[in-house]
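Below: the structure, in structure tokens.
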Amino acid sequence: MLKRILLIVILSFGYFTCFSNEINQKDSSKSKVISFKIKLKSEEKAKIKVASLKYNKHFAYSFTLDDGYRSAYLTAFPLLNGGKISNPDKNEWKIDQGGDGTTSKGLFYSDGFGNKIPFKLALAINGGAIRDLPANRGHLSWPEIKEMYNAGWDILNHGFHHATKHGTNYLTEVNENTTSIKQNLGFTMSHFVVPGGEGDEKYYLEYEKDALNNGHFSVASYYGVGPVFKIDSKMNLDKMITARTFVQSSKDTTSFKTMDRYLKTLDSIVKQPIPVWFNEFTHGTGNTNLWNLSMRFPDFKYYMTTLADKYGVKGNDSVWMAPWQEVYEYIWLRDRIKIDYTQKGKDVEVKIVIPEIPEAFRYREISLAIETSSKFEMESGKDLIIKNDGKTNHKLIHLKLKQ
């Protein structure tokens, strides 16, 4: 019976560079062709196709923390990435946004090579709220956001002041926040999350329009497509507007029944036979249910740990726990590359046409799935660094474009 083999191609173009205060979507490089050869141990016919999701996972799960509250750094980040979780900590609003004071070893899925990758979330940030003082501030600081970004968390535009009321200049909110993050953190955001609150009727439509017309690839809003996407075929990502749903704690502090209901819903989504992408949100993750729109840390810890134990390396390892931007950019590239391969006897030559990639993209990676029962070796093509385990488990090949 044919074994499924995963071919992972990581196209390392380096991080993007941007100029001007607006997001520049001009393509950073022209289309190019990469090629490599596979030498099979038998003449059995091999089949190659693009994997629906990175690492050929069954489902992608994206989770975003809105508003840039400091609990993200005090509790969520160390829980997922590994590290010391904050003790209970009351902020300037007299709200406990700390955790349980324990040390986490991290929550992980694998890349198929046996390497563990920590769960990563996204932060929807208001640049106007970020500051370094006081010590018990309720919002994140620039160094804290930078640390999480460097660890693979993505930063999404949430408006500069989180403004929604009558008289808001939506275009200014979008662009000032873009400028703020670029000046303080050195990168340009490319996805927008509509801030919630009191406002004129259908104010969110103004945010959607101004974000999409000023370089953002997608917007999470009150209404739209999703939040569950079947991604076994080509997706329409052009100016995507998605529906935003939240995971929140209930008044019940004696059990995890509310979290179990969320987890049951997630499990029903995962059980679909085709690969899917699911996207959810919350606000704070500290010990107090911030503004009654958040997850208390015990609930958040239970929820994420259960996910990791069931779908991560400790479970069936079927999850790709990655932020919205990372999954979006993978699918965008997946649907645009062109693959051609020819097999003569034991030799397979693969050619991949890489499209022009928007300058604002942070991730430039693709996975290919191969079906063959044969072990194999690799012959490197031009400008490629290749890793493979063809002589052992013959499941993975890692390709990296040279700088």
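Each residue takes its place number in the sequence, starting with 1.
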Do you know which two heavy atoms are closest between [X] and [Y], and how far apart they sit?
{"X": "Asn289", "Y": "Ser294", "answer": "OD1-N, 2.8 Å"}
{"X": "Ala60", "Y": "Leu53", "answer": "N-CD1, 3.5 Å"}
{"X": "Gly98", "Y": "Ser86", "answer": "CA-OG, 3.9 Å"}

Does the distance from a Lys or Arg side-chain N to an Asp or Glu carboxylate O, for [X] and [Y], drop under 4.0 Å?
{"X": "Arg131", "Y": "Glu92", "value": "yes"}
{"X": "Lys54", "Y": "Glu365", "value": "yes"}
{"X": "Glu326", "Y": "Lys120", "value": "yes"}

Quick check on side chain to side chain donor-acceptor pair (under 3.5 Å): which of Asn126, Asp66, Asp67 does His162 satisfy it with? Asp67
Can you tell me how far the CG atom of Asn287 sits from the CG atom of Asp89, to the nearest 0.5 Å? 9.5 Å
Spatial distance of atom CE (Met189) from atom NZ (Lys182) [nearest 0.5 Å]: 11.5 Å
Side-chain donor or acceptor of [X] paired with backbone N/O of [Y] under 3.5 Å:
{"X": "Glu208", "Y": "Ile241", "result": "no"}
{"X": "Thr168", "Y": "Tyr170", "result": "no"}
{"X": "Ser250", "Y": "Asp252", "result": "yes"}
{"X": "Asn157", "Y": "Ile125", "result": "no"}

So, for Phe246 and His283, is the gap between ring centers shorter than 6.0 Å? yes
Do [X] and [Y] touch side chain to side chain, with heavy atoms closer than 4.5 Å?
{"X": "Phe63", "Y": "Phe281", "value": "no"}
{"X": "Tyr328", "Y": "His191", "value": "yes"}
{"X": "Phe77", "Y": "Tyr73", "value": "yes"}

Could you walk me through whether Ser218 and Trp324 pass the side-chain hydrogen bond (donor to acceptor under 3.5 Å, both in side chains) check? CA-CA 10 Å; Ser218 72; Trp324 172 268; 2.8 Å; yes
Assess whether side-chain contact (heavy atoms from CB on, under 4.5 Å) is satisfied between Phe300 and Val247, documenting all intermediate values. CA-CA 9 Å; Phe300 180 79; Val247 179; over 6 Å; no
Do Arg296 and Tyr302 meet the cation-pi criteria used here (NZ or CZ under 6.0 Å from the six-membered ring centre, within 45° of the axis)? no
Using a 6.0 Å cut-off, check whether atom NZ of Lys338 has over 12 heavy atoms from anything other than its own residue. no
Pair Thr64-Leu156, side-chain contact (heavy atoms from CB on, under 4.5 Å): steps then yes or no: CA-CA 9 Å; Thr64 300; Leu156 313 180; 4.0 Å; yes
